[in-house]
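Heads up, the thing below is written out as structure tokens.
Fair warning: this is a prediction, and the values are worked out from it, not measured in the lab.
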Amino acid sequence: MPELPEVETIKRSLEPLVKNRTITGVDVYYGGIIKYPGPADFCGQLKGKIIREVGRRGKYLLFELSDDYTLVIHLRMTGQLIASKPGVSLAKHTHLVFRLSGGQELRFVDIRKFGLIYLIKKEERARIKGLYTLGPEPLDEGFTLALFEETVGKAKGGLKAFLLNQTRVAGIGNIYADEILFESGLHPVRKVESLKKEEIKRLYEAIRKKLGEGVEFRGTSFRDYVDGKGEKGGFQERLKVYDRGNQPCARCGQPLVKTAAASRGTVFCPRCQG
DNA sequence: AATTGTACCTGTCAGC
DNA sequence: TGCTGACAGGTACAAT
């Protein structure tokens, strides 16, 4: 489900509903989601903690808690984190319920059970490899063209795989990767090391533009994605290539081609993305 | 070090 | 109406 724009939208929608509330208890219906520590310690340590801040890094949600603890949640493909009122019947595939002070609950729902949840002390962040190896945040001010040129200089292989690699740039997934490549007019299996300076700039600008639009339109509800209030996003109506195989290209009218690149379904325009 | 393949799960859809 | 297989927003880990 969620790539950077979706996770950012969840973060923003949840923040006012959970910030400064105390976790009064945790109900576990499927403990396999909890990767660290064990379920008993997880629940025991969370009880009584206050949610100080809600943050995001790449596709990870970070709940900064009292006593320097961080609750780290990755939604992977089908994970949802939804604020609910107590007593409302549990949606199917609800695996975890965080009970909060002031009559609020935060529920973790995940059809495929791929989600990952950790409770760590701040200084234990290295325990989560996918988190500490993340590349730069593409929408931050620090993500400059010069920094991106440096990143590109270190990489090799196909562009689609490059964009999906979280250690290069954080937060891009399959939907936005295809949209970014279409926007920049670059072929998904074009070699990173073959890019000219001007093409690197186009790619950089497309990354900022497409992820920015994704956030602006509150994410892509292609399938399961909803924000922290259970509301759908709007960017699915603005997709130009993702899930549009065989449909005419918005730019030139030629049929878009669906193929596989980096072992992922990939749609592109063979004419515009030569 | 950096790729590639496989595993983790359930649901949906196309084709028979 | 089943049934089967392919595919789905993403990593983590092992093997190369």
Side-chain angles (χ1 to χ4, degrees), chain A residues 1-11 29-36 56-61 72-81 91-96 108-118 125-135 151-181 188-189 191-193 210-211 213-215 217-227 232-246 258-267:
Chain A
M1 157 171 92
E3 308 179 27
L4 186 152
E6 289 74 37
V7 181
E8 179 64 24
T9 303
I10 292 169
K11 186 212 121 171
Y29 299 94
Y30 174 77
I33 298 292
I34 303 168
K35 298 305 168 186
Y36 182 85
R56 179 193 59 76
R57 180 80 173 88
K59 301 173 194 171
Y60 289 85
L61 277 164
V72 179
I73 300 184
H74 196 299
L75 300 168
R76 295 273 211 124
M77 299 280 260
T78 54
Q80 301 175 325
L81 209 46
K92 199 175 175 186
H93 307 298
T94 299
H95 305 315
L96 230 49
F108 181 81
V109 180
D110 187 357
I111 295 172
R112 292 176 75 178
K113 300 179 177 166
F114 284 179
L116 311 169
I117 300 187
Y118 309 81
R125 207 155 280 197
R127 191 178 276 285
I128 306 170
K129 194 172 175 224
L131 180 58
Y132 83 80
T133 58
L134 280 178
T151 304
V152 167
K154 283 186 273 190
K156 53 182 181 176
L159 274 182
K160 177 78 183 255
F162 169 75
L163 289 179
L164 293 175
N165 185 338
Q166 301 300 299
T167 72
R168 301 300 187 195
V169 178
I172 301 170
N174 206 33
I175 294 178
Y176 292 92
D178 279 8
E179 297 299 314
I180 287 165
L181 289 171
V189 299
K191 298 285 183 206
V192 189
E193 56 270 36
K210 286 291 145 183
L211 294 177
E213 287 176 358
V215 173
F217 291 96
R218 310 185 70 264
T220 302
S221 290
F222 173 65
R223 199 171 253 133
D224 304 302
Y225 164 71
V226 289
D227 72 7
K232 288 180 185 272
F235 199 62
Q236 62 279 5
E237 285 150 38
R238 306 185 115 75
L239 297 176
K240 294 191 175 152
V241 284
Y242 182 80
D243 195 43
R244 301 183 76 91
N246 295 321
K258 171 146 191 186
T259 176
S263 308
R264 308 295 299 277
T266 298
V267 183

Query raised in the report: Can you check side chain to side chain contact (heavy atoms under 4.5 Å, CB included) on A/R76 and A/L116, steps first, answer last?
Result: CA-CA 8 Å; A/R76 295 273 211 124; A/L116 311 169; 3.5 Å; yes

Heavy-atom nearest pair, A/Q80 first then A/L75, reads N-CD2, 4.0 Å

Does [N] have its OP1 or OP2 closer than 4.0 Å to a side-chain nitrogen or oxygen of [X]?
X: A/Q166; N: C/dT11; result: yes
X: A/K156; N: B/dA2; result: no
X: A/H93; N: B/dG11; result: yes
X: A/K113; N: B/dT10; result: yes
X: A/H74; N: C/dT11; result: yes

Tell me whether the centres of the aromatic rings in A/F235 and A/Y176 are closer together than 6.0 Å. yes

One should read off an interatomic distance between A/F114 CZ and A/I33 CD1, to the nearest 0.5 angstrom, of 10.0 Å

Closest listed nucleotide, where the reference is the side chain of [X] and the choices are [options]:
X: A/I111; options: B/dG11, C/dG10, B/dG5; result: B/dG11
X: A/M77; options: C/dA12, C/dG10, B/dG5; result: C/dG10
X: A/K92; options: C/dA12, C/dG10, B/dG11; result: B/dG11

| query | Below 4.5 Å, heavy atoms only, C-beta onward: do A/K11 and A/L61 meet side chain to side chain? | reply | yes

Quiz prompt | A/Y242 side chain reached by A/T220 side chain, heavy atoms, under 4.5 Å | solution = no

Using a cut-off of 4.0 Å on non-hydrogen atoms, how would the nucleic acid contact of [X] be classed: base, sugar-phosphate, or nothing?
X: A/Y176; value: nothing
X: A/G32; value: nothing
X: A/L116; value: sugar-phosphate
X: A/K35; value: nothing
X: A/K154; value: nothing
X: A/F235; value: nothing

Provide, to the nearest angstrom, the distance between the [atom1] atom belonging to [X] and the [atom2] atom belonging to [N].
X: A/R168; N: B/dA2; atom1: CZ; atom2: P; result: 6 Å
X: A/I33; N: B/dC8; atom1: CD1; atom2: P; result: 14 Å
X: A/F114; N: B/dC9; atom1: CZ; atom2: C1'; result: 5 Å
X: A/Y225; N: C/dG10; atom1: OH; atom2: P; result: 14 Å
X: A/I117; N: C/dT11; atom1: CD1; atom2: C1'; result: 15 Å
X: A/F222; N: C/dC7; atom1: CZ; atom2: C1'; result: 11 Å
X: A/R264; N: B/dT3; atom1: CZ; atom2: C1'; result: 16 Å
X: A/R127; N: C/dA12; atom1: CZ; atom2: C1'; result: 16 Å

A/H95 side chain to A/K113 backbone, donor-acceptor under 3.5 Å:
no

**Q.** Rounded distance in Å between the P positions of B/dT6 and C/dA6
**A.** 14 Å

Intra- and inter-strand pairing of DNA chain C, written as dot-bracket with Watson-Crick and G-U pairs under 3.5 Å and | for the latter, reads .|||||||.|||||||

By nearest-nucleotide position on DNA chain C, the 5'-leaning member of A/Y60 and A/K258 is A/K258

Please test A/K156 against A/V192 for side chain to side chain contact (heavy atoms under 4.5 Å, CB included), starting from the C-alpha separation and ending with a verdict. CA-CA 5 Å; A/K156 53 182 181 176; A/V192 189; 5.7 Å; no

Review point. With a cut-off of under 6.0 Å to the ring centre and 45° to the axis, is A/R238 in cation-pi contact with A/F217?
Key: yes

